[in-house]
A.B. asks: 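Starting off with a structure, shown below.
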Amino acid sequence: MAADTLSIKDNRTGKSYDVPITDDTIRAIDLRQIKVKDDDFGMMTYDPAFMNTAACRSAITYIDGDRGILRYRGYPIEQIAETSTFLEVAYLLFEGELPNKAQLDKWTNDIRYHTYVHTNLIKFLEGYRYDAHPMGMLLGIVVGLSTFYPDAKDISNPQNRYTQRIRLMAKLPTLAAYLFRHSRGLPYELPRNDLDYVANYVNMMFSIGGKHEPNPVLQRALEILLILHADHEQNCSTSAVRAVGSSGVDPFSAVSAGIAALYGPSHGGANEAVLVMLDEIGSKDRIPAFVDSVKAGHGRLMGFGHRVYKSYDPRAKLIKKVADGVFAQTGLNKKLEIALELERIALSDEYFIKRKLYPNVDFYSGLIYQAMGYPTDYFTVLFAIGRLPGWLAQWEEMINDKEQKIARPRQIYTGHGERAYVPMEKRK
Ligand code: CMC
């Protein structure tokens, strides 16, 4: 018997099976041969929320949740966050290697010249009320983009996929800034192609009367935050992009599925939820009572805990450093003081220690965004701008993966067996 196999004995039949092991993993499909009767469907695995199921092979991002390690294409996040630009990281995620100067220049310029959006998109945006949630607007407008680029449907052509990637990378910041201006009733600020990616975005957000005085410390802090969010392997929104993309739909539609997933408070919406929570707590003396209510099962400590990280989220460590730089510029605020104290109390509390609940990337990111002047309900839009390269890189990897087909999980049917239809007059 080969050493790299798993022997399974089915005690219902007494039969034994040897299933190959590759990468410490067995293929679920190999279990289908395990049957009691020849016409049985065969054995499946049951794994709600994919707690222990690999849905793909991926060479993009490596996470070791127990040891708090995150690497993009092999490079530790700490090194990348220190020196890279966001576009350089996006290139790395897509292409697998860091760009040389010529490659980075071409990539940057290709994006630079696609930052404008069709003015009809503004009419579309203006259909939203001023108080529409920014993520709802983003979701609608990105899927709307797909109708402006019907050529994006040809996903079999790598050059065409590159074009759509460029369009999405270039236009998402423009749309994100426009929907902010729409909420405020401010005139739209056109993209400026003489500025770099982050500077152009910040200018479109905050320029008044054509003027904005950039703060280099805050812009670099934003760039680092975008880098820290750029990919996180098979998280909920990336899985959504892959699953929806597996149907063969265009990348704008697949990415909008990722935006929808990110909107949820258990995922990207958590940084917004952190700020709401800090508001609810209100003052430091109310923290112990709040922590007690969480422990009693009333709500969660938002910005704490992670499906994969069972030690300190490495991104949260880096974000804390970024926060120091930002708050040195903007000053401390009451919410930050509550957050620091809340973190201190939770990290020394048995409930959180036992469950390995540490601050995640969202615990401090919202506070930083707020200090930079972004409204609370807008934070997840910044997460979406950061995560876009990850979604697109994972989508591209999926398209090129010969093993992938349309995503279609199985179920364990728990409903009625066959029964006869009941006419209306006989129903109770
Ligand atoms: N506060 C209090 N208790 C918690 C928390 C929390 N934030 N997170 C998990 N727990 C408890 C949970 O009640 C459970 O306890 P018990 O074993 O007694 O039932 C135990 O810890 C395990 O929780 P789980 O729900 O099985 O863990 P999960 O892996 O399904 O959930 C999570 C991961 C991120 C959804 C969850 O920790 C959570 O809801 N955190 C708050 C929301 C948040 O900050 N989300 C951002 C995630 S990072 C950014 C991103 O990737 O989008």
Side-chain angles (χ1 to χ4, degrees), residues 47-53 60-61 63-66 68-70 72 77 135 138 225-242 257-278 280-281 287-320 339 342-369 376 379-391 394:
D47 190 10
F50 306 107
M51 298 284 287
N52 195 38
T53 294
I60 301 173
T61 290
I63 300 176
D64 181 334
D66 292 327
I69 293 174
L70 170 62
Y72 294 160
I77 190 67
M135 280 299 277
L138 190 72
L225 287 173
L226 297 180
I227 291 170
L228 296 180
H229 285 89
D231 194 47
H232 214 230
E233 50 121 305
Q234 307 313 314
N235 57 88
C236 178
S237 57
T238 301
S239 302
V241 171
R242 278 185 175 257
I259 295 173
L262 196 69
Y263 194 174
S266 296
H267 191 8
N271 53 14
E272 178 182 346
V274 170
L275 270 275
V276 172
M277 174 186 76
L278 295 175
E280 270 167 26
I281 297 174
I287 296 174
F290 175 78
V291 170
D292 284 346
S293 80
V294 167
K295 283 158 57 180
H298 307 301
R300 290 199 159 187
L301 182 46
M302 299 312 286
F304 260 67
H306 200 275
R307 170 62 60 77
V308 179
Y309 293 120
K310 300 302 170 194
S311 72
Y312 217 98
D313 180 339
R315 300 168 301 170
K317 265 193 207 156
L318 293 164
I319 281 187
K320 244 183 139 172
L342 183 57
E343 182 189 24
R344 192 191 64 74
I345 291 179
L347 286 178
S348 55
D349 190 300
E350 190 53 28
Y351 174 97
F352 297 92
I353 296 171
K354 209 173 106 202
R355 290 169 180 76
K356 298 189 174 167
L357 299 170
Y358 293 88
N360 60 48
V361 67
D362 285 330
F363 192 69
Y364 283 105
S365 64
L367 286 159
I368 299 175
Y369 294 143
T376 308
F379 297 166
T380 317
V381 171
L382 294 161
F383 193 155
I385 296 174
R387 184 54 56 85
L388 180 67
W391 289 333
Q394 300 268 353

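Numbering of ligands and ligand atoms starts at 1, following listing order.
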A.B. asks: Which residue owns the protein heavy atom closest to atom 47 (C) of ligand 1, what's the atom, and how far is it?
C.D. replies: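 Among all protein heavy atoms, the one nearest atom 47 (C) of ligand 1 is N360 ND2, 3.6 Å.
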A.B. asks: What residue and heavy atom of the protein are closest to atom 40 (N) of ligand 1, and at what distance?
C.D. replies: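 Its nearest protein heavy-atom neighbour is F304 O, 2.9 Å.
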A.B. asks: Given L357, T380, V361, identify the one with the heavy atom nearest to atom 8 (N) of ligand 1.
C.D. replies: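 Checking each option, the heavy atom nearest atom 8 (N) of ligand 1 is found in L357.
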A.B. asks: Below 4.0 Å, non-hydrogen atoms only: which portion of L301 touches ligand 1? Side chain, backbone, both or neither.
C.D. replies: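 The answer is both, backbone and side chain.
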A.B. asks: At what distance is the nearest protein heavy atom to atom 45 (N) of ligand 1, and which residue and atom is it?
C.D. replies: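 Looking at atom 45 (N) of ligand 1, the protein heavy atom closest to it is S266 O, 3.2 Å.
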A.B. asks: In the protein, which heavy atom is nearest to atom 34 (C) of ligand 1, and how far is it?
C.D. replies: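 Ranked first by proximity to atom 34 (C) of ligand 1 is G305 O, 3.7 Å.
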A.B. asks: Is it true that H306 and Y312 have ring centroids separated by less than 6.0 Å?
C.D. replies: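 No: the rings miss the under 6.0 Å criterion.
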A.B. asks: Regarding atom 25 (O) of ligand 1: of the candidates R300, R355, R307, which has the closest heavy atom?
C.D. replies: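 Residue with the shortest heavy-atom distance to the ligand atom: R300.
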A.B. asks: For I227, is there any backbone N or O sitting under 3.5 Å from a side-chain donor or acceptor partner on Y72?
C.D. replies: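 Side chain of Y72 to backbone of I227, a donor-acceptor pair under 3.5 Å: yes, one is there.
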A.B. asks: For K295, I'd like to know if atom NZ has over 12 heavy atoms of other residues, nucleotides or ligands within 6.0 Å.
C.D. replies: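 Yes.
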A.B. asks: If you scan the protein for heavy atoms around atom 22 (C) of ligand 1, do you find one that is closer than 4.0 Å?
C.D. replies: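 When distances to the protein are checked, atom 22 (C) of ligand 1 has no heavy atom within 4.0 Å.
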A.B. asks: Could you tell me whether atom 19 (O) of ligand 1 has a protein heavy atom closer than 4.0 Å?
C.D. replies: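 No, there is none.
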A.B. asks: As an exercise, identify every atom of ligand 1 less than 4.0 angstrom from a heavy atom of G268.
C.D. replies: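 Atoms satisfying the 4.0 Å criterion: 52 (O).
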A.B. asks: Are the side chain of D47 and the backbone of N52 linked by a donor-acceptor contact shorter than 3.5 Å?
C.D. replies: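 Judged by distance alone, yes, a pair lies under 3.5 Å.
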A.B. asks: Are the side chain of H229 and the backbone of L225 linked by a donor-acceptor contact shorter than 3.5 Å?
C.D. replies: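 Pair found, side chain donor or acceptor close to backbone of L225.
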A.B. asks: Write out the residue and atom name of the closest protein heavy atom to atom 2 (C) of ligand 1, then the distance separating them to 0.1 Å.
C.D. replies: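 Answer, as residue, atom name and distance: V294 CG1, 3.5 Å.
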A.B. asks: One residue to check: F363. Relative to ligand 1, which of side chain, backbone, both or neither has a non-hydrogen atom less than 4.0 Å away?
C.D. replies: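 No part of F363 comes within reach of ligand 1.
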A.B. asks: For atom 15 (O) of ligand 1, is there a protein heavy atom at a distance under 4.0 Å?
C.D. replies: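 For atom 15 (O) of ligand 1 the answer is yes, since some protein heavy atom falls inside 4.0 Å.
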A.B. asks: D362 heavy atoms, cut-off 4.0 Å: which ligand 1 atoms fall inside?
C.D. replies: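 This gives 46 (C), 49 (C) as the contact atoms.
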A.B. asks: To check your reading of the model: name the closest protein heavy atom to atom 42 (C) of ligand 1, its residue, and the distance in Å.
C.D. replies: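 Here the closest protein heavy atom is M302 CE, 3.4 Å.
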A.B. asks: Is the backbone N or O of P359 less than 3.5 Å from a side-chain atom of D313, with the two atoms forming a donor-acceptor pair by type?
C.D. replies: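 Between the backbone of P359 and the side chain of D313 there is no qualifying donor-acceptor contact (under 3.5 Å).
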A.B. asks: Shortest non-hydrogen contact from S311 to D66?
C.D. replies: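 Closest heavy-atom pair between S311 and D66: OG-O, 3.4 Å.
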A.B. asks: Could I get the full list of side chain to side chain contact (heavy atoms under 4.5 Å, CB included) partners for A339, not counting sequence neighbours?
C.D. replies: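 In terms of side chain to side chain contact (heavy atoms under 4.5 Å, CB included), with neighbours along the sequence ignored, A339 is linked to L278, F363, Y364, L367.
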A.B. asks: Given 3.5 Å as the limit, does a donor-acceptor pair link the side chain of D362 with the main chain of G303, or not?
C.D. replies: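 No; zero donor-acceptor contacts below 3.5 Å.
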A.B. asks: Among K310, H267, R387, H306, which residue places a heavy atom closest to atom 48 (S) of ligand 1?
C.D. replies: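 Nearest heavy atom to atom 48 (S) of ligand 1 lies in H306.
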A.B. asks: Which heavy atom of the protein is the closest neighbour of atom 3 (N) of ligand 1, given with residue, atom name and distance?
C.D. replies: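 Of the protein heavy atoms, Y351 OH, 3.1 Å lies nearest.
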A.B. asks: Considering only heavy atoms of G303, which atoms of ligand 1 have at least one such atom less than 4.0 Å away?
C.D. replies: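 Contacts of ligand 1 toward G303, numbered from 1: 43 (C), 44 (O).
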A.B. asks: Kindly write out the residues that satisfy side chain to side chain donor-acceptor pair (under 3.5 Å) with N235, not counting sequence neighbours, or none if the list is empty.
C.D. replies: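 Result, side chain to side chain donor-acceptor pair (under 3.5 Å) vs N235: S237, T238, H267, R387.
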A.B. asks: Of all the atoms in ligand 1, which lie at a distance below 4.0 Å from a heavy atom belonging to A270?
C.D. replies: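 Near A270, meaning under 4.0 Å from one of its heavy atoms, ligand 1 has 43 (C), 44 (O), 45 (N), 46 (C).
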A.B. asks: Should the proximity of V274 to ligand 1, defined as any heavy atom under 4.0 Å, be assigned to the side chain, the backbone, both, or neither?
C.D. replies: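 Contact part for V274 vs ligand 1: neither.
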A.B. asks: I'd like to know whether CZ of F50 has more than 12 heavy-atom contacts from other residues, nucleotides or ligands below 6.0 angstrom.
C.D. replies: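 At most 12 heavy atoms, drawn from other residues, nucleotides or ligands, come within 6.0 Å of this atom.
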A.B. asks: Should Y369 and N271 count as side-chain neighbours, where that means a heavy-atom distance under 4.5 Å?
C.D. replies: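 SC-SC contact between Y369 and N271 confirmed.
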